[in-house]
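Below: the structure, in structure tokens.
In the text below, chain A, chain B and the rest are named by the order of the sequence lines, each starting its count at 1.
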Amino acid sequence: MKNLLKKDGVQSFVASLICILLGLLIGYIVLLFINPTGAGAAILEVLKNFFHYSKPSLQLKNFGNTLVKTAPLLMCSLSVLFCYKVGLFNIGAAGQYVAGACAGIYCALKLGWGWLPCLIAAVVCGAVFGVAVGLLKAYRNVNEVISGIMLNWIGLYLANMLLSGVKEVASPYTLHIKTEAAKALLPSLGLDKLFNGNQYITLAIPLSVLLAVAISVILNKTKFGYELKATGLNRNAAKYCGMAEKRNIIVSLAIGGALAGLGGALLYLTDYEQWLCTGSSVPGMGFNGIAAAFLGGLNPIGTIFSSYFIQHITSGGAFVDKTMYCSQISDLISSIIIYLCGFVLFIKYAMNKVIASRENKAAAAVKSDDVPAKDADETKGGEA
Amino acid sequence: MAENYAIEMLHITKRFAGIVANDDITLQLKKGEIHALLGENGAGKSTLMSVLFGLYHAEEGEIRKDGKTVEIRDPNDANDLGIGMVHQHFKLVECFTVLDNIIMGVEPNKFGFLQKKDARQKVLALSEKYGLKVDPDALIEDITVGMQQRTEILKMLYRDNEILIFDEPTAVLTPQEIEELMHIMKNLAAEGKSILFISHKLNEIMEVADRCTVLRKGKYIGTVNVKDTTMEELSAMMVGRNVSFHVEKAPAKPGEVLLDVSHVTVASKAHKNNAVKDVSLKVRAGEVVCIAGIDGNGQSEFIHGLTGLEPLVSGSITLLGKDISHLPIRKRNVSGMGHIPEDRHKHGLVLDYSLENNLVLERYFEPEFTSKAGFLKKKNIRAYAETLIDRYDVRSGQGPVTPARSMSGGNQQKAIIAREIDRNPRLLVAVQPTRGLDVGAIENIHKRIIDHRDAGNGVLLVSLELDEVMDVSDRILVMYEGEIVGELDPKQTTVEELGLYMAGAKRDEVSAE
């Protein structure tokens, strides 16, 4: 049991579970304060999400909806994770996501492109946003958090401006891609049938999972991943042994940007949502990606599950009884849980401390009642 | 109480996760004596001093001052008991004057206004009494390291400290400055101050100390009267076996020129002037050339320029007939340069990588370790790492998969040396390759360097340790303020002469030949 707890993967998993439980607990306490009678039911609704419905067909359809939004979240968390491995905190994923979404919608509605060129445009625009941060970081040592956050806003208002040209006359939302630019709609590959004909199920879902696996392979099996991780862990050593550490920083942010940008297009090209051209806050997808990356233990495969979980509770928040709580409560509860998800590394650290101090005590105990064994050990060390 | 002790540390035991840093250690400092504390790196000297300063709390044991048990909870308690310390790395504010640094923290004031006049008089009086020459109005950044150290000593005296701790005070000094410091320490002891002198330099202990306490691997080995012992005995106590102080080597047989550095100038990161000015030198096959000098005279910057970590302002570098002045680091490395860096944690290792990943840091891109498609050949990496671990006796907890961070300093350094020497570079640049290592590891590393030379390669060694400079090198170049000021033959020169060059008191016109 003890040795099991020492394994990094096991630790990450346990720490993630602890975070989730803490988040639920604090969320529950907050609900108790607001309105004690409905607190338990509300938390259960958040956790139940699509199980809210009793009919299996409806459950399946709503499960599909959660998956539709999991795909872009997974892309954002992969973006954050990839950059984090190179020692960069890509808070700009939110802006890169916006850039990708904007590029996808614009190319679909304004230029009438097919879905593949639209996706490529999204990837390129996301990458450009990433490279902007990377260049500043590599050559001017500008903190990537600062430049990333500023680019988030630039991205948001740029998107609002460009997409105002393709919005519905009577509403602030962009036109429906399904009716106005059907060929830009992502192909469903027949997957919709698996989810009771949910029309929003597309190749986005398998593609994002596939990319998570690809990122895992790149990071763990390739020379490129070896270099990127070395740069992230010790930039000076990477430079010393002749790695192009500046290039690595730029390339990793470009890839991170491309992933987040693709995520934006993967949501909007399903026509599940329309872009709100008067929005004044950066979509939370990129920020939730940070939480998902940490909750997934900074492991690409782990983020598949953590992204799903975060999306699960975010969607579940919508089912909270609005007669007892105000309408913002669903966002509040899911954001409390997401916030706590960021504490995975801290929990891991605390776990390691507890293990170390226990071992220490055990070692001290062994030392005092087992002196001959220790001496034998020492002579062995001397001979070796 | 038979003896009159200024401070006593009795049966101190301090444990950290997994190790016992101090195991039942007793140290008794008599009034007016100079007491040396000797031990290798990792022997527990720093831990013991941290306990004395209240930075750590011992699990067992007690501390007595003048025979009375005291409790030291934090450094303020230590200060109240009259304990002061000169740290190895000075704690001075560079842009303040000497006087301001001395009174800092205990500024005399009236209604919040500084009263420096009295302070100045007290400092001048102390400086006179103990022969500590300083200029109270000079800025710290403008004065020599020796004077900075005297400022630190005055800081202790100004606070009326009775127990003075010197933590490896000679590491940064020239031989002449060391002699002066020894004199000052004797003066202080004669005036009734009690001195604890932490060092691993045996000759200094022999010269200045009255008694010496030896620690080894966290354990108390013994306390001896210095005048009744010998250097050999002390060293055997410190290391636990007999150690040869001299490096066995055949005379050098210099061959063709491998490295030709011509008029190289490198900028400084710390100030506007150039750190390295117009340096020319050559390294031939089959010789060890050593750049000697006091820390901070441009050696690091020169090596950074040579290895490509920093760009050159001007000048050229030729390696094996090929101009590498502006080549990127990777190309220099594959052209036949190996580099054992000065700072093994900053440059030499990716501490959170496993040992095997660190051992291929300079070679991972070669076809042996990376397939054409860009995938790492993990089996080959493992096999290569196991070979190196075996051949260079790198010890670690879990072999190739041990995180580099969890290895001891000596074994980390062995890993770097294995990696660099095994690539068989024609030119090996070794910067302070034995820094912070114990005597046994030093012996091993010196042997590796000499073997590499004897295999027909050139070695450029940068060292701050005079013994290493004298023993290992075939030719000594002295660097002072960014220039080569002298070329010496270690067989014909003396440490004193070397010291004069290092201090800038003597210089020759040195040709590059």
Side-chain angles (χ1 to χ4, degrees), chain A residues 3 6-8 85-87 214 216-248 298 352-368 371 374-375 377-384, chain B residues 13 15-20 23 59 217 219 240-241 304 307-310 327-334 337 339-353 357-358 360-366 369-378 381 393 395 403-405 416 419-420:
Chain A
N3 284 331
K6 271 182 170 172
K7 277 203 168 148
D8 194 56
K85 292 283 180 189
V86 195
S216 172
V217 170
I218 289 173
L219 284 174
N220 295 318
K221 305 268 183 216
T222 67
K223 177 185 118 177
F224 182 52
Y226 176 89
E227 287 199 351
L228 289 182
K229 283 190 291 181
T231 309
L233 293 171
N234 187 347
R235 201 174 154 183
N236 289 308
K239 184 178 181 189
Y240 150 83
C241 75
M243 294 175 188
E245 102 287 3
K246 286 195 166 76
R247 191 205 67 188
N248 286 349
L298 291 166
N352 274 324
K353 269 206 116 163
V354 171
I355 293 175
S357 79
R358 281 218 184 124
E359 277 182 357
N360 209 11
K361 271 185 202 148
V366 167
K367 186 185 174 274
S368 52
V371 177
K374 194 191 111 248
D375 279 351
D377 241 341
E378 218 176 45
T379 35
K380 219 165 65 191
E383 278 164 10
Chain B
T13 295
R15 291 193 193 89
F16 291 108
I19 56 157
V20 186
D23 188 356
E59 274 94 30
K217 290 182 184 158
K219 291 202 174 60
R241 63 188 172 91
H304 287 175
T307 54
L309 285 167
E310 295 293 332
L327 285 186
I329 296 170
R330 174 67 47 83
K331 293 213 167 121
R332 295 185 200 216
N333 287 346
V334 297
M337 184 186 286
H339 177 195
I340 298 166
E342 177 178 359
D343 190 333
R344 58 178 166 263
H345 289 172
K346 185 176 177 195
H347 288 116
L349 294 168
V350 180
L351 286 173
D352 292 310
Y353 260 0
N357 276 344
N358 273 295
V360 293
L361 203 57
E362 299 273 21
R363 295 186 65 173
Y364 66 91
F365 50 88
E366 292 176 7
F369 303 116
T370 298
S371 72
K372 281 209 181 84
F375 285 89
L376 292 174
K377 295 179 181 170
K378 297 211 167 182
I381 291 176
D393 189 29
R395 294 185 203 176
R405 189 182 289 286
I416 294 172
R419 181 180 76 207
E420 296 304 318

Gap separating the CG atom of A/N220 from the CZ atom of B/F375, nearest 0.5 angstrom: 11.0 Å
d(B/R330 CZ, A/C241 SG) to nearest 0.5 Å is 6.0 Å
Which pair of non-hydrogen atoms, one from A/A237 and one from B/L349, has the smallest distance, and what is that distance? CB-O, 3.6 Å
With respect to chain A, which residue among B/L361, B/V334, B/L351 yields the maximal number of heavy-atom pairs within a distance under 4.5 Å? B/L361
With a 4.5 angstrom heavy-atom cut-off, which part of B/H345 approaches chain A: side chain, backbone, both or neither? backbone
Is a donor on one side and an acceptor on the other found under 3.5 Å between the side chain of A/Y226 and the backbone of B/N357? yes
Nearest-0.5 Å distance, CD of residue A/E227 to CZ of residue B/F365: 9.0 Å
Cut-off 4.5 Å, heavy atoms of chain A, and the answer for B/K378 is side chain
Among A/K229, A/R235, A/K221, residue most engaged with chain B (heavy-atom pairs, under 4.5 Å): A/K221
Part of B/R419 lying under 4.5 Å from any heavy atom of chain A: side chain
Heavy-atom donor-acceptor pair, A/N234 side chain to B/K346 backbone, under 3.5 Å: yes
Could you look at B/D343 and say if it's the side chain, the backbone, both or neither that has a heavy atom under 4.5 Å from chain A? neither
Is it the backbone or the side chain of B/D352 that comes under 4.5 Å from a heavy atom of chain A, or both, or neither? both
How many angstroms lie between atom CE of A/M243 and atom CD1 of B/I329, to the nearest 0.5 angstrom? 11.0 Å
Donor-acceptor pair, A/Y240 side chain versus B/P341 backbone, under 3.5 Å? no
For the backbone of B/L309 and the side chain of A/K239, can you confirm whether one donor and one acceptor N or O come within less than 3.5 Å of each other? yes
